[in-house]
Amino acid sequence: MKILVLTAHPDLNKSRINRSWFKAFAETDDITVLDLTRVGGPTMSFNVEEQQQLLLSHDRIVFQFPFYWYSAPPVLKAWQDQVLTYGFAYGPGSKKLVGRELVLAISTGGPEDSYHAGGYNNFSMDELLKPFQQTALMTGMTYLRPFVFHGLAVVAEAAMEASIATLLAHIQDPELNPLIKKARMDKLLENDAELAARVSA
Ligand SMILES: Cc1cc2nc3c(=O)[nH]c(=O)nc-3n(C[C@H](O)[C@H](O)[C@H](O)COP(=O)(O)O)c2cc1C
């Protein structure tokens, strides 16, 4: 599986977590990583043809970013607006991204318990990330379960370090795709009558 990571951080040199994730991606086989801020430059302008070809030569696309005002930093929006064009990403008979996968890798300042009903951020990450989920749907990509690392404001150095391996395993896991996971579960049930009886009971 070829993975393309698009990193959207305004300044990786000042980053605590996204920089270490970026570095780990860059050192891993079968992962292409792109610092969108460097590629787009101060005007956030992208070579559309080049970016579209990159998408087409990978199976799984990762948007990696720090959570800024409940969304991504503006360079990712600039990239989306320029690259996901009519006739390429959507439009009748011309959805070139159909069948590819989209997964988000996000760091937040707020702790995990704040991203629930009743928490101080009120809404869950799944709720706040709906525009990305719908973008995947609109373009025919399969939206995968996001990786979210919470609490940069309070988290210990060791937890940040440990997140690198967890994140790498997450984005490389074929079973993140719900269809692949479901197929394995179905096979298990098919071959195990006792398990099947328990599940259907
Ligand atoms: C402009 C700005 C907006 C932010 N908005 C949020 C937010 O909406 N929710 C949140 O949990 N953290 C927010 N944060 C905190 C960042 O998510 C956190 O600093 C970042 O994940 C750290 O990543 P880094 O070390 O790679 O820079 C914000 C930070 C900045 C600078």
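Remember, it's 1-based here, ligands and their atoms both numbered in the order they're listed. Sequence positions, counted from 1, serve as the residue numbers for this chain.
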For Tyr90 and Tyr86, take the angle between the two ring planes, folded into 0 to 90°, and tell me which bin it lands in: parallel under 30, tilted 30 to 60, perpendicular over 60.
perpendicular

Heavy atom of the protein closest to atom 28 (C) of ligand 1 (residue, atom name, distance)
Phe67 O, 3.5 Å

Distance from atom 18 (C) of ligand 1 to nearest protein heavy atom, with residue and atom
Gly109 N, 4.0 Å

Can you confirm whether the side chains of [X] and [Y] place a donor and an acceptor under 3.5 Å from each other?
| X | Y | value |
| --- | --- | --- |
| Thr28 | Gln172 | no |
| Thr7 | Asn18 | no |
| Gln64 | Trp21 | no |

Hey, is His150 touching ligand 1 through its side chain, its backbone, both or neither, going by heavy atoms under 4.0 Å?
neither

Would you say [X] has any N or O atom under 3.5 Å from an N or O of ligand 1, going by distance alone?
| X | result |
| --- | --- |
| Tyr115 | yes |
| Lys14 | no |
| Ile17 | yes |

Is atom 11 (O) of ligand 1 close to the protein, meaning a heavy atom under 4.0 Å from it?
yes

With no hydrogens and no angle check, is any side-chain donor or acceptor of His170 less than 3.5 Å from a backbone partner on Arg145?
yes

Looking only at non-hydrogen atoms, the one of Pro10, Ser114, Pro111, Ser15 nearest atom 24 (P) of ligand 1 is Ser15

